[in-house]
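Working notes, beginning with the structure itself.
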Amino acid sequence: MDSFERDLTDLFPRLRRLAHALARSPAEADDLVQGAVERILRGRGQWQPGTRFDAWAFRILRNLWIDTTRALGRSRARLAPEEDGAAVGHDPRGQIEARAELMTLMQAMGRLPDEQREAIALVAIDGLGYAEAAQVLGLPLGTVSTRVARGRRALAALMDGVPPMDGRGDSDGR
Amino acid sequence: MDDEQMTDEDRLIAWLDGELPADEAQAFAARVAADPALAAEAERQRALAQRLHAGFAPLAEGPAPAWLGEAMAASRPAAEVVDLAQRRAARQRGAKARAIPWSALRWPAGIAVAAAVVLAIGVGWTLRGVSPVLIAPGADGALQARAGLAHALDTQLASAAQSGPIRIGLTFRAHSGQVCRTFEAQSGPGNAGPGKAGSGKGSSGKAGSAQALAGVACRAPDGWAVAEVSTVAADPGQYRMAGETPAQMAAVDALMAQGPYDAATEAKLAIAGWR
């Protein structure tokens, strides 16, 4: 395995997570990850060693997501509550709750406009700074911060009164 | 961010995300502390951000799946072709002038390369219309050229006109001292591949496409040992492949100590029995 392949292997979990943050179902996320890996491997000659590998790879995945969602159009099947497929960790006791929570979050994310969802995916879920996210998206920093803020407010409204399934994260007792 | 046009709502989020400059952040923190409504909203947003990150976090845990390693392995020969071509070009520039006008560095756009082929012991390689079995394991299990392929390796010169289904490309000497040659055996649709179905990953073999066996064989005391072989799909109508496949080039690059030989040397080696 060379250093490019090691970088890709190390980044893969974050790619998988980002795909789930962007896609509207675990199945769509899996397809997105596989397609992105194919494009990343095909395009390895374009990556410049010394530059940010994650930003480059994330950009490829995000552009594939844009191409795919534009091709599919706006009609989208509603996420079935019993939909399976998302790998959510190793603890069997917490797995059912963790999967339900992920499904809840994916449903809420799916109701955001694409431009807000991708900003939230990079900043709130992957943890990139605004400048890093702006680099991935090819947008001005001010645009990113506006979309992050709007997306967060929209999500807060959607998640209002929806308690977390695994007891994590929500501190206001509802 | 010093954006005066940023709304207060947006500023709250940026503050929570640590994206405000230090002095602005400090000023905003004071406002939050003094304003219960603002503080409540800040806490609501902070909890949501934590919930989002926690909810998706399990996806970023755990190892990469097995298919990733396979995808990377399958892409490797293609990734190495550019390097190989450059290295071979550099070698060529330093080598003696050749009479063989081969174009091994060009990779025609119409050729599709099958996925790496896994050979199981006991599988023979067939090419219908040419010979019952062209490559088969010998007594020691190693693959050997048979029949039409062995004959072509023994007698055909790349510098001469090659009109049959088997074409010889390069002749060179390996580090072992053995003389090796690249070969390509062409046939019609769906005729090439391992003798037993399911014994390995076969070629992509689209219906109607011509197929070929492409590989490298080296002269051993008891015949031609096949060092590398795989099935290759070719566009119909393009009877001759110009140049070696990436898998062939990788094998040549790994094996070659001397060569590729020119026409005169190739002819001498033919007479000397490829020793």
Side-chain angles (χ1 to χ4, degrees), chain A residues 1-2 4-5 8-10 12-14 16-21 29 34 37-38 41-42 44-45 86-91 95 98-99 101-102 104-106 109 120-121 123-127 129-131 141-142 145-146 148-150 152-153 155-156 159-160 164-166 168-172, chain B residues 1-21 24 39-83 85-86 115:
Chain A
M1 198 186 291
D2 62 12
F4 181 91
E5 292 174 356
L8 178 55
T9 304
D10 290 344
F12 184 88
R14 284 173 64 199
R16 175 173 57 203
R17 177 173 62 185
L18 180 61
H20 281 77
Q34 290 201 1
V37 164
E38 271 175 50
L41 289 171
R42 267 208 307 273
R44 66 179 286 169
V88 285
H90 311 296
D91 176 14
Q95 245 180 3
R99 188 176 293 127
E101 171 71 354
L102 178 63
T104 302
L105 292 171
M106 286 181 74
M109 286 281 284
I120 298 283
V123 171
I125 293 172
D126 187 78
Y130 289 10
L141 195 146
S145 84
T146 303
V148 166
R150 286 182 184 156
R152 295 266 288 274
R153 289 193 295 273
L155 273 179
M159 303 293 296
D160 200 22
M165 301 289 175
D166 56 358
R168 295 193 276 182
D170 194 320
S171 70
D172 64 5
Chain B
M1 284 158 300
D2 255 340
D3 189 356
E4 300 209 354
Q5 286 163 341
M6 189 190 295
T7 66
D8 244 17
E9 292 182 299
D10 291 359
R11 195 168 279 118
L12 170 65
I13 303 295
W15 173 70
L16 286 170
D17 286 347
E19 295 280 344
L20 290 183
E24 266 197 63
E41 178 64 15
E43 191 46 43
R44 186 171 166 239
Q45 286 294 341
R46 199 197 317 266
L48 172 65
Q50 196 179 336
R51 185 175 177 182
L52 266 176
H53 186 79
F56 281 90
L59 288 165
E61 292 155 15
W67 67 258
L68 178 65
E70 289 160 15
M72 294 193 301
S75 82
R76 245 172 247 146
E80 288 167 0
V81 161
V82 173
D83 268 354
Q86 287 168 355

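Small disclaimer: the values here were computed from a predicted structure and weren't measured. Order of the sequence lines fixes the chain letters, A, B, ..., with proteins taken first and strands second; residue numbering starts at 1 for each chain.
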Among A:Met1, A:Glu38, A:Glu5, residue most engaged with chain B (heavy-atom pairs, under 4.5 Å):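 The candidate making the most pairs under 4.5 Å is A:Glu5.
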Picking from A:Leu18, A:Leu8, A:Asp126, which has the most non-hydrogen pairs under 4.5 angstrom with chain B?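 Option with the greatest count: A:Leu8.
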With a 4.5 angstrom heavy-atom cut-off, which part of B:Leu68 approaches chain A: side chain, backbone, both or neither?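 Side chain of B:Leu68 only, per the 4.5 Å heavy-atom cut-off to chain A.
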Chain A contact via B:Leu16 - which portion, at a heavy-atom distance below 4.5 Å: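 It is the side chain, since no backbone atom gets that close.
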Residues B:Glu19, B:Glu24; criterion side-chain contact (heavy atoms from CB on, under 4.5 Å); working and verdict: CA-CA 10 Å; B:Glu19 295 280 344; B:Glu24 266 197 63; over 6 Å; no
Show, in sequence, the C-alpha distance, side-chain angles and deciding distance for B:Arg44 and A:Asp160, and conclude whether the side-chain contact (heavy atoms from CB on, under 4.5 Å) test is met. CA-CA 9 Å; B:Arg44 186 171 166 239; A:Asp160 200 22; 4.1 Å; yes
Assess the residue pair A:Thr9 and B:Met72 against the criterion (side-chain contact (heavy atoms from CB on, under 4.5 Å)); give the C-alpha distance rounded to whole Å, side-chain angles, the decisive distance to 0.1 Å, and a yes or no. CA-CA 9 Å; A:Thr9 304; B:Met72 294 193 301; 3.3 Å; yes
Quick check on A:Arg42 against chain B: is it the side chain, the backbone, both or neither that has a heavy atom closer than 4.5 Å?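 Neither part.
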Could you give me the CA-CA distance, side-chain angles and deciding distance for A:Arg152 and B:Asp17, then say whether side-chain contact (heavy atoms from CB on, under 4.5 Å) is met? CA-CA 11 Å; A:Arg152 295 266 288 274; B:Asp17 286 347; 3.1 Å; yes
Validation row: B:Ile13, A:Arg150 side chains within 4.5 angstrom (heavy atoms):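 When only atoms from C-beta onward are counted, A:Arg150 and B:Ile13 do not touch, as no gap falls below 4.5 Å.
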